[in-house]
J.: 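If you scroll down you'll find the structure; I have some questions about it.
First the proteins, then the strands, lettered A, B, ... as listed; each starts at 1. These numbers come from the heavy atoms of this one structure, side chains and all, not from hydrogens, waters or symmetry mates.
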There are 2 protein chains.
Amino acid sequence: MRTVWWSKDRVKIIDQTKLPFQTRILAFRDYRNLAQAIKEMRLRGAPAIGAATALGIALGVNYSKASSYKKLSQELNRIVKTFQGTRPTAANLFWACRRMREKFWENKDKSPREIKRILIQEAKRIAQEDIECCKRIGRIGASLIKKGDSILTHCNTGALATVGYGTALGVIKKAHGEGKGIRVFVGETRPRLQGARLTTWELKREGIPFTLITDNMAGYFMKRREIDLVMVGADRIAGNGDVVNKIGTYPLAVLAKEHRIPFYVACPTSTIDLGISSGEEIPIEERDKREVTHIGGRALVPKGTRAANPAFDLTPHEYIKAIITEKGIARRPYRESLKKLFI
Amino acid sequence: MRTVWWSKDRVKIIDQTKLPFQTRILAFRDYRNLAQAIKEMRLRGAPAIGAATALGIALGVNYSKASSYKKLSQELNRIVKTFQGTRPTAANLFWACRRMREKFWENKDKSPREIKRILIQEAKRIAQEDIECCKRIGRIGASLIKKGDSILTHCNTGALATVGYGTALGVIKKAHGEGKGIRVFVGETRPRLQGARLTTWELKREGIPFTLITDNMAGYFMKRREIDLVMVGADRIAGNGDVVNKIGTYPLAVLAKEHRIPFYVACPTSTIDLGISSGEEIPIEERDKREVTHIGGRALVPKGTRAANPAFDLTPHEYIKAIITEKGIARRPYRESLKKLFI
């Protein structure tokens, strides 16, 4: 299964707002519509957003009528800006923009037609690399899982959050594949229920035993010693190891500390933003309050109810036992260990 | 507004499963139907369950055809057993059963007709006392609230959770009434959304400013220092001060500790069960998993998804700054301070 791919000069994605009840494929010819789909979270998960952005940039450039490098470059700027305006927190989005831009610059002496071909190739490579990256994360991370472990995870960090395998859920899949006899607690992940809708769907397909819980039940099960470790993904990691991830991650880290349960983060290095010194500087996306007050278009609350909807929270590095990447496992002090991953 | 009351030989309640969209009154002539309504959480909140149980016992006895004290006593046992089978965690339910039983025994020399009259009177008194009790809790608790405080609350502990005023929400109402300029964060309280549906409804009626959040956002707002204190109710408190309350309470207590924010519990003394030495002995009700997997009859998750649904969790006494009751504020060590409330 792939979440996003290039097909016949179009970018295709699975519409995740319809899952698990309907597997609908969307095809985009106009990069602006793809950007809008990312905004609406039809595709989500930082690594998937990164790959979709790369493919989207290739899409936009490919359909450009610009006849000179300069004009194409102006077009590229517009396209990049559009994608950068979709989800401000996901590091991979900005990483993909940088990488596509660099490829563009490197080939400034080529014809527009040639540049288009190269950018499509590069975007496909980014998507392909993501899958391989996830598989390495899975292999490396599975070494931290013991036989019979019961793992709590949050949101969706599986194939659907990436191009094809998963980060935290990739580790879980790998550990399961190694016959470790694990079981999983899935936090439903309000407000958008990615855990309840997407992670359960993936775990079912893989035949991995799991129990769905509401987010506020994690403490109950930790206290009963039914959870051995927490494994989550990340949307952006600062140079000091602070992790910004789906809202509800930070409380799990605090609970894990209180119960002396290890708290792990799994992500590709493209999620790590060494340019940002501390998590406090990472912008947190505030989304429409209707995501909190409504489910499936139906109001849950009295009319006019004021609600907050920060999409992410910050888990300071001191709560994190290890950060698992495709280049190895980083441990405290993160400022040094994360830097080493990029050497 | 009253949540439960006696009217023309019937017990009436507001059907809380229809709120906030519809204010439907249910009238019961058969105590078994009232017990069923409690089971289905058409009326909920430990103090409200206590009062409804007392009125329900009076209802059952009143319609009994038993002609002797012995027969009426057997009937009473059946009725009490029925109510005790509804919600195993709520202390007030068992407290109300004990109190009604004692009244019955005290009057064993009276005629069945006279006993029925006395029990109806006693049940009405229990309901009336609950309102007065809540008002005292409000007055006493408001002394702990400072001007401009921002208060996080969980579930519904207002008029709807009691006979008429509220416990934790009663304190909040009183502090608001005293012009303290407070504001409230309301946790939506998955799975049944009592915060989102009921607490918002009550706060709106009272004109108290509030913001609805999903339960997993509490950590985010505490970290930003936007929450000054946590105020919740209780379903049962053990002799050592351990508090069992709506699922999701314990994580809030852990987060409050981590952020050095005071965590208060407000409840009538009828919620305190001195017969139970530690919270570990309090039975936790496990409810239908459909409450987690469905909303309004509609599935949120893939078919056959396994889910857990403990309705309550245990907050150990060391996390609790004070327990506010109608007889005063108990502080550590709770084993002594709680006992003193009963002298």
J.: Any chance you could measure B/Ile247, atom CD1, to A/Met217, atom CE, to the nearest 0.5 Å?
T.: 5.5 Å

J.: Identify which of B/Thr293, B/Val186, B/Val292 forms the greatest number of heavy-atom pairs closer than 4.5 Å to chain A.
T.: B/Val292

J.: Between chain B and each of A/Gly195, A/Gly248, A/Pro302, A/Pro20, count heavy-atom pairs under 4.5 Å; write down the option with the most.
T.: A/Pro302

J.: Less than 4.0 angstrom from a charged side-chain N to a carboxylate O is my criterion; do B/Glu280 and A/Arg224 meet it?
T.: no

J.: Do the side chains of B/Arg298 and A/Ile295 get nearer than 4.5 Å, heavy atoms only?
T.: no

J.: What part of A/Ala253 is in contact with chain B, defined as an atom under 4.5 angstrom from a non-hydrogen atom: side chain, backbone, both or neither?
T.: neither

J.: Side chain from CB out, backbone as N, CA, C, O: work out which of these in A/Lys289 comes under 4.5 Å of a heavy atom of chain B, or both, or neither.
T.: neither

J.: State, yes or no, whether a side-chain contact exists between B/Ile284 and A/Tyr220 at a heavy-atom distance under 4.5 Å.
T.: yes

J.: B/Phe21 versus chain A, heavy atoms under 4.5 Å apart: side chain, backbone, both or neither?
T.: side chain

J.: Do the side chains of A/Leu314 and B/Lys223 get nearer than 4.5 Å, heavy atoms only?
T.: yes

J.: Among B/Leu252, B/Thr200, B/Ile213, who wins on heavy-atom pairs under 4.5 Å with chain A?
T.: B/Thr200

J.: So do the side chains of B/Phe210 and A/Thr305 get within less than 4.5 Å of each other, counting heavy atoms only?
T.: yes

J.: Under 4.5 Å heavy-atom distance to chain B, tell me which part of A/Phe221 shows up: side chain, backbone, both or neither.
T.: side chain

J.: Rounded to the nearest 0.5 Å, how far does CZ of B/Arg190 lie from CZ of A/Arg190?
T.: 6.5 Å

J.: Should we count CZ of B/Arg306 as having more than 12 external heavy atoms under 6.0 Å?
T.: no

J.: Report yes if some heavy atom in the side chain of A/Thr214 is under 4.5 Å from a heavy atom in the side chain of B/Asp215; otherwise report no.
T.: no

J.: Can you confirm whether B/Lys204 is buried at NZ, in the sense that more than 12 heavy atoms of other residues, nucleotides or ligands lie under 6.0 Å from that atom?
T.: yes

J.: Between A/Glu258 and B/Tyr319, does any side-chain donor sit less than 3.5 Å from a side-chain acceptor?
T.: yes

J.: Name the region of A/Leu193, side chain, backbone, both or neither, that has any atom closer than 4.5 Å to a heavy atom of chain B.
T.: side chain

J.: Heavy atoms, side chains only, cut-off 4.5 Å: are A/Lys246 and B/Asn216 in contact?
T.: no

J.: Inspect the surroundings of NZ in B/Lys180 and state if more than 12 heavy atoms from other residues, nucleotides or ligands are less than 6.0 Å away.
T.: yes

